[in-house]
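Just so you know, ligand 1 is whichever comes first in the structure, and atom 1 is the first atom listed for that ligand.
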Amino acid sequence: MLDRFNRELNYLRISVTDRCNLRCTYCMPEEGIKLFGHEEILTFSEIAGFTRAAVANGVTKVRLTGGEPLVRKGITALVRMISEITGIEDLSMTTNGTLLKLFARELKSAGLQRVNISLDTIDPDKFKLITRSGNINDVFEGIDAAKSAGLFPLKINCVVNNSKEEDDAKEVTRFCKDNNLEIRYIRQMDLIRGHFSVVDGGTGGDCALCNRLRLTSNGKLKPCLFNNIEFDIRELGYEKAIKLAADMKPECGSINETDSFYNIGG
Ligand code: SAM
Ligand code: SF4
């Protein structure tokens with residue numbers, strides 16, 4: 001489907017939960033967040049039904065994200081439901097990787113093709129500081145498990161303050177070279193202040209080329225990460241929400257005062 005600016009919207013990112021087992025300093029407050037109630041969160045059949053409608057309207061690429069997608073109970077069953085939708089050419093997930101050693105194999109057999117794993121440093125102490133709790137060895141084991149399961153290409157998302165020449169980013173770059181992993185550098189963004197930039201090594205952040213729609217875990221369809229506009233898929237119905245999101249997708253991002261990375265999923 002085309003939007004008003006002739007951009008082909010073929011990429012749907014689905015946040016499957018607002019919950020997370022880490023508390024990254026740039027993403028969540030230390031005390032956690034006010035979580036959506038159980039009934040607010042979309043069911044698997046709603047997510048799959050909406051995805052089917054999106055695919056009928058031209059979506060070919062789907063990414064599951066969160067919060068942390070692997071803390072959503074039964075995530076493998078959801079992956080299977082989505083992978084069975086005819087027309088999806090690329091099915092991926094963004095994860096912090098800490099639980100991947102438990103899930104990599106079953107996710108692959110359920111039809112997940114590939115994963116992006118977030119890693120901003122390879123120093124265990126700094127990792128603990130950034131995530132406020134995480135054990136970096138869980139991520140390393142998750143990376144190994146994803147490789148053995150055949151979740152390729154495996155990409156690393158590295159959040160940087162300003163540039164990939166920072167010490168931590170340079171070490172993550174070396175780690176990726178040594179382990180044959182692709183890397184994308186994401187400059188730390190601020191939704192409220194409207195600070196966003198192009199993802200180095202990826203496709204995000206360039207408004208003229210943006211092909212994305214985002215579905216939050218409580219059923220809001222968002223045509224732009226850096227804008228408050230959203231359409232409730234339960235109230236409007238899937239088809240109408242998709243049409244409105246495509247029609248109202250702004251030419252360029254500005255600010256988003258109503259959301260955070262943990263509920264949109266980046
Ligand atoms: N929990 C998963 C993870 O961390 O990969 C998926 C959700 S997370 C919100 C998705 C991506 O957004 C991660 O790569 C994370 O590093 C990135 N992210 C979170 N907050 C950010 C911020 N303020 N600026 C830029 N990227 C951010
Ligand atoms: Fe959790 Fe991902 Fe946000 Fe870190 S970036 S707090 S892992 S959702």
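Residue contacts with ligand 1: Asp120 is placed with no nitrogen or oxygen under 3.5 Å of a nitrogen or oxygen of the ligand (distance criterion only). Any N or O atom pair closer than 3.5 Å counts here, and Asn157 shares at least one such pair with ligand 1. Considering both main-chain and side-chain atoms, Tyr26 comes within under 3.5 Å of ligand 1 through a nitrogen or oxygen pair. The shortest N/O to N/O separation between Gly66 and ligand 1 does not fall below 3.5 Å.
Shortest contact from atom 8 (S) of ligand 1 to any protein heavy atom: Gly265 O, 4.3 Å. Nearest protein neighbour of atom 5 (O) of ligand 1, counting heavy atoms only, is Ser118 OG, 2.6 Å. For atom 9 (C) of ligand 1, the closest non-hydrogen atom on the protein side is Phe261 O, 3.4 Å. Nearest to atom 3 (Fe) of ligand 2 among the protein's heavy atoms is Cys27 SG, 2.4 Å. Of the protein's non-hydrogen atoms, Met189 N, 2.8 Å is the one closest to atom 24 (N) of ligand 1. Of the protein's non-hydrogen atoms, Glu68 OE1, 3.4 Å is the one closest to atom 2 (C) of ligand 1. The single protein non-hydrogen atom nearest to atom 1 (N) of ligand 1 is Gly67 O, 3.0 Å, given as residue, atom name and distance. When only non-hydrogen protein atoms are considered, atom 6 (S) of ligand 2 lies nearest to Cys24 N, 3.2 Å.
Near Ile186, with a cut-off below 4.0 Å to any heavy atom, the atoms of ligand 1 are 25 (C), 26 (N). Of all the atoms in ligand 2, the ones that sit under 4.0 Å from a non-hydrogen atom of Gly67 are 8 (S).
Because the distance cut-off is set at 2.8 Å, Cys20 fails to qualify as a neighbour of atom 4 (Fe) of ligand 2, as none of its N, O or S atoms comes that close.
For Phe140 and Phe175, the ring centers sit closer than 6.0 Å to each other.
Contacts between Val159 and ligand 1, counted as non-hydrogen atom pairs separated by less than 4.0 Å, involve the side chain only. Heavy atoms of Thr95 found under 4.0 angstrom from ligand 1 belong exclusively to the backbone.
Side-chain contact annotation: Asn96 with Asn21, donor-acceptor N/O pair under 3.5 Å present. Between the side chains of Glu182 and Asn116, no donor N or O sits under 3.5 Å from an acceptor N or O. Inspection of the Asn10 and Asn211 side chains reveals an N or O donor paired with an N or O acceptor under 3.5 Å.
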Q.
Asp144 vs Lys101, test: salt bridge (Lys or Arg N to Asp or Glu O under 4.0 Å). Steps then yes/no.
A. CA-CA 8 Å; Asp144 287 345; Lys101 61 174 176 282; over 6 Å; no
